[in-house]
A.B. asks: 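Quick one: the structure is below, and I'll ask about it shortly.
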Amino acid sequence: MDKIFENLNNKQIEAVKIIDGPVLVISGPGSGKTRCLTHRVAYLMSQNIEPANILAVTFTNKAAGEMRDRISSITEPVLSNKGSENHNTKYMIHSTLPLIGTFHSIGLRILRNEIPQLGYRRNFTVFDTDDQLNLVKRVMGELEIDVKSFNPRIVLSKISEVKTQLILPESYEPKDYYLETIARVYRAYQKELKELNAVDFDDLIVLPVQIFKQSEDTLEKYQEAWKYILVDEYQDTSYDQYIFINLLAKKYRNLFAIGDDAQSIYQFRRADIRNILNFQKDYPEAKIILLEQNYRSTKNIITAAQGIISQNKNQIQKSLWTDNNHGGKIIISETMNERHEASFVISKIEEFLRNGLTAKDFAILYRTHAQSRSIEEALIMSGYPYQIVGGLKFYDRKEIKDIIAYLKIIINPSDNLALERIYNVPSRGIGKSTLTKVREEKTNNLRPDIIASLAVYMKKETLPPKQRLAIAEFHKTLADISKTAETKNLGALIKYIIKRIKYEDYLKEFSLTKQSDYENFDDRMENLRELMTVASKYEDLPAKEGTERFLEELALLQDTDRVKSLTSNHTAGRIKSLKNDPAGKQVMTLMTTHASKGLEFPVVFIVGMEEGLFPHSRAVINPTELEEERRLCYVAVTRAKEHLIITYTRFRNIYGSHSMNLPSRFIGEIPANLVDYQLIDSFEDREEIIRY
DNA sequence: CTGTCGTTTATTTTT
DNA sequence: TAAACGACAG
């Protein structure tokens, strides 16, 4: 029990101890949010609340995983004190952890049980953003809507917007011609999804809500199961997630929400800051607790951050403070252009390295991915290893998606979107028009079944023999793969697919024609091996089941291995993957400001602090978006523990064209007495700089 | 059906 | 700059 309150301040203890009724905790950056959350779960368990009655919701798998680890490390000793001689204790604890998961994984879990209520089958597939976009394009094609006047990406985002407002296709009343078109696509899109026996990411929340609304019994079942609900990052919940949680919490009202309105940076992804701002209206009896003590940063950094965020109008009143030292001044440096900026950053890093810091102590943050390039080039030139977080996702890579598409077809033969991806990969003489005809082919099946359709279609007398052959061949391939899935395990199945379709040959050719060299090919093969490593987790299961679980994990775990690790320690300019670098990670980190949320580093560089870039030019016209940019800046600044270095350039090359920039307005919001300004005109080696 | 060539467009992205 | 898309010829 002592252990539960160890190292907690009074506010945190208060937040941990109020068991009954709604609680809202506003937790500033570095104020021990995760600690508060995990200790609360441990406390609930120590009060004899069944773990099965506790639900903890996070936004990322990573956060969920961390929470699980930390909770078991707190609870284990507590429980083992009670029955120290019991050898089963450890096992028991592990089996009795509460359900901790992302919104989407919890939604998925509910759907696996309840989706027949909506007329889908249980083996439905989950579509990612790519699939969604393809489906929208296809639907628009069928409705003969011109993609020039209606950009499919925008159409999709509009659909998603309507959908997450929990408006069903039938009940959507568009206000004008433009929205009328969106509505048509929305209706067709949703119908098509159901036909494909697929759900998209939004559906993982929206459909459970739909079920809860139409079946009181079902809702009650889950309300009874989860009497205690905790939600992390409450400021980032969207409307549908908000309704989802509040339906579940309605009966027992034991809702614990934690978050920080000042760190809401995902409104563009429909996070609705009002959910946290209105908590008190929703739950008038709620206890509100502010965690304002920061354990992370120096006083100077905290004061600078306050200076920035205080310019925002819309926020819950609070003031961050810290017992830490004042620390050094914040360095703000003007540079000529992005090359000069990069070399300035490196010279600074070298200075810190001389003072005993190591690579992993540094983070370089930027507003957009495009900015990483100049920094990367400079790092490669000087031979410093680094890693980039985000950018290209492992499961977004072509070779991975191709193989997964084959797996998807085996599991859900209605998924003809997966078919669309690989019907001609590797190229086998089947084209778009053939595909369309196959799709329209009627089989005796009530449900569309790709393999069956192919079997029927390949017998068509009217077809030219060449095409019949191609289709028969394709059918055989899929049938063989399907048969293999009956006997082998997942790893063997993937291997079989790669061999059966001669994927390696195809990749080799593909890599060559794409004007990139063999390096590219090697990387791709390496990725496939990596895929098999992940798949080996399921080797004890029969292929069908293993594949199902695997696909499910992939759908929800889009961000595994999102770290692209690079180093230049090898031959000049040669980029080598560090993926298998065992946790050593003696590298510095480059990432967008968004990706940095929740992390901390002794030294943080924020580069490209310019009007038009940060705040981004698209955000400056809109006051709401400008406030979000400011919160983003606040997040970036508060990542720093000891040193904060901000740079901006006078001139910048972006997308191949030149532009002249002014320093960001956010720079001016930092109290001047905390800043060590380094302007170009005051540089001693001005002549040097001109060279850049 | 396939490959090439010019045109277009470009934030952020926990799932 | 560079990747992604669509038009068009082979």
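Every value quoted in this text rests on a predicted model; they were computed, and no experiment measured them. Just so we're on the same page: letters track the sequence lines, and every chain starts at 1.
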A.B. asks: Using whole Å, what does the distance between atom P of nucleotide B:dT15 and atom CD1 of A:I205 come to?
C.D. replies: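 Taking atom P of B:dT15 as the reference, CD1 of A:I205 is at 12 Å.
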
A.B. asks: What do you reckon, do A:H104 and the base of B:dT15 stack, with centroid distance below 5.5 Å and planes below 30°?
C.D. replies: no

A.B. asks: Which nucleotide wins on minimum distance to the side chain of A:H594, given the candidates B:dT12, B:dT11, B:dT14?
C.D. replies: B:dT12

A.B. asks: What is the nucleic acid contact for A:T434, judged by heavy atoms within less than 4.0 Å: base, sugar-phosphate only, or nothing?
C.D. replies: sugar-phosphate

A.B. asks: Would you verify whether the NZ or CZ of A:R296 falls within 45 degrees of the ring axis of A:F601 while also being under 6.0 Å from that six-membered ring's centre?
C.D. replies: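 Because its charged atom misses either the 6.0 Å distance or the 45° angle limit, A:R296 does not stack over A:F601.
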
A.B. asks: With sequence neighbours left out, write down each residue that passes salt bridge (charged side-chain N to carboxylate O under 4.0 Å, His left out) with A:E548, or none if nothing qualifies.
C.D. replies: none

A.B. asks: Check whether any side-chain nitrogen or oxygen of A:T58 sits under 4.0 Å from OP1 or OP2 of B:dT14, and answer yes or no.
C.D. replies: no

A.B. asks: Side chain of A:R618, heavy atoms from C-beta onward: which of B:dT11, B:dT13, B:dT15 has the nearest atom to it?
C.D. replies: B:dT11

A.B. asks: Under 3.5 Å, which N/O atoms of the protein pair with N/O atoms of nucleotides 6-9 of chain B?
C.D. replies:
none

A.B. asks: By salt bridge (charged side-chain N to carboxylate O under 4.0 Å, His left out), which residues pair with A:D203, not counting sequence neighbours?
C.D. replies: A:K163

A.B. asks: Return the value, rounded to whole Å, for the distance between atom CZ of A:R631 and atom C1' of B:dT12.
C.D. replies: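 Distance, rounded to whole Å: 13 Å.
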
A.B. asks: Output all residues satisfying ring pair (Phe, Tyr, Trp, His ring centres under 6.0 Å) with A:Y266, sequence neighbours left out; order by chain, then residue number.
C.D. replies: A:F268, A:H594

A.B. asks: Are A:R270 and A:S160 close enough, and set up right, to give a side chain to side chain donor-acceptor pair (under 3.5 Å), and what steps lead you there?
C.D. replies: CA-CA 9 Å; A:R270 273 178 283 289; A:S160 170; 2.6 Å; yes

A.B. asks: Figure out the CD1/P separation between A:I388 and B:dT13, and round it to whole Å.
C.D. replies: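 Atom-to-atom, A:I388 to B:dT13, this comes out as 12 Å.
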
A.B. asks: Under the ring pair (Phe, Tyr, Trp, His ring centres under 6.0 Å) rule, collect the residues that match up with A:Y222, sequence neighbours excluded.
C.D. replies: A:F212, A:W226

A.B. asks: Please tell me which of A:F268 and A:Q467 maps to the more 5' nucleotide of DNA chain B, matching each residue to the nucleotide holding its nearest heavy atom.
C.D. replies: A:Q467

A.B. asks: Checking all strands, does A:F103 fall into the base, sugar-phosphate, or nothing category for heavy-atom contacts under 4.0 angstrom?
C.D. replies: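 Nothing, no nucleic acid heavy atom in range.
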
A.B. asks: Give the nucleotide from the list B:dT11, B:dT14, B:dT2 with an atom nearest to the side chain of A:T60.
C.D. replies: B:dT14

A.B. asks: How would you list, by chain and number, every residue that makes a salt bridge (charged side-chain N to carboxylate O under 4.0 Å, His left out) with A:D236, sequence neighbours excluded?
C.D. replies: A:K597

A.B. asks: Across the strands shown, which category fits A:L632 at heavy-atom distances under 4.0 angstrom: base, sugar-phosphate, nothing?
C.D. replies: nothing

A.B. asks: Going by an N to O cut-off under 4.0 Å, is there a salt bridge joining A:R367 and A:E629?
C.D. replies: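 The answer is yes: the pair qualifies as a salt bridge.
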
A.B. asks: Between A:N61 and B:dT15, is there a contact of a side-chain N or O with OP1 or OP2 at under 4.0 Å?
C.D. replies: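 Looking at the OP1 and OP2 atoms of B:dT15, one of them is under 4.0 Å from a side-chain N or O of A:N61.
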
A.B. asks: What's the closest nucleotide to the A:F201 side chain, out of B:dT13, B:dT15, B:dT11?
C.D. replies: B:dT15

A.B. asks: Taking any heavy-atom pair under 4.0 Å as a contact, classify A:D236: base, sugar-phosphate, or nothing.
C.D. replies: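 Base, at least one base heavy atom under 4.0 Å.
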
A.B. asks: From the list B:dT15, B:dT11, B:dT12, which nucleotide is the closest neighbour of the side chain of A:H369?
C.D. replies: B:dT12

A.B. asks: For A:S427, which contact category applies under a 4.0 Å heavy-atom criterion: base, sugar-phosphate, or nothing?
C.D. replies: sugar-phosphate

A.B. asks: Calculate the interatomic distance between A:L469 atom CG and B:dC1 atom C1'; express it in whole Å.
C.D. replies: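 Spelled out: CG on A:L469 to C1' on B:dC1 is 16 Å.
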
A.B. asks: How many Å lie between NE2 on A:H616 and P on B:dA10, as a whole number?
C.D. replies: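 Going from A:H616 (NE2) to B:dA10 (P), I get 10 Å.
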
A.B. asks: Taking it one step at a time, do A:Y503 and A:Y506 satisfy ring-ring contact (aromatic ring centres under 6.0 Å, His included)?
C.D. replies: CA-CA 5 Å; A:Y503 195 66; A:Y506 164 77; 5.5 Å; yes

A.B. asks: Take the protein atom CG of A:D130 and the nucleotide atom C1' of B:dT15, then report the distance between them rounded to whole Å.
C.D. replies: 14 Å

A.B. asks: Listed by chain and number, what are the salt bridge (charged side-chain N to carboxylate O under 4.0 Å, His left out) partners of A:D402, not counting sequence neighbours?
C.D. replies: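 Applying salt bridge (charged side-chain N to carboxylate O under 4.0 Å, His left out) to A:D402 gives A:K398, A:R421.
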
A.B. asks: With A:F279, which residues qualify under ring pair (Phe, Tyr, Trp, His ring centres under 6.0 Å), at least two apart?
C.D. replies: A:Y234, A:Y283

A.B. asks: Can you check the A:E552 CD to B:dT15 P distance for me, whole Å?
C.D. replies: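 My rounded result for the distance is 15 Å.
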
A.B. asks: Sugar-phosphate means primed atoms, P, OP1 and OP2; the rest is base. With that split, encode nucleotides 1-10 of chain C 5' to 3' as B, S or - using protein heavy atoms under 4.0 Å.
C.D. replies: BS--S-----

A.B. asks: What is the distance, rounded to the nearest whole Å, between atom CG of A:D128 and atom P of B:dT14?
C.D. replies: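 After rounding, the reported distance stands at 12 Å.
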
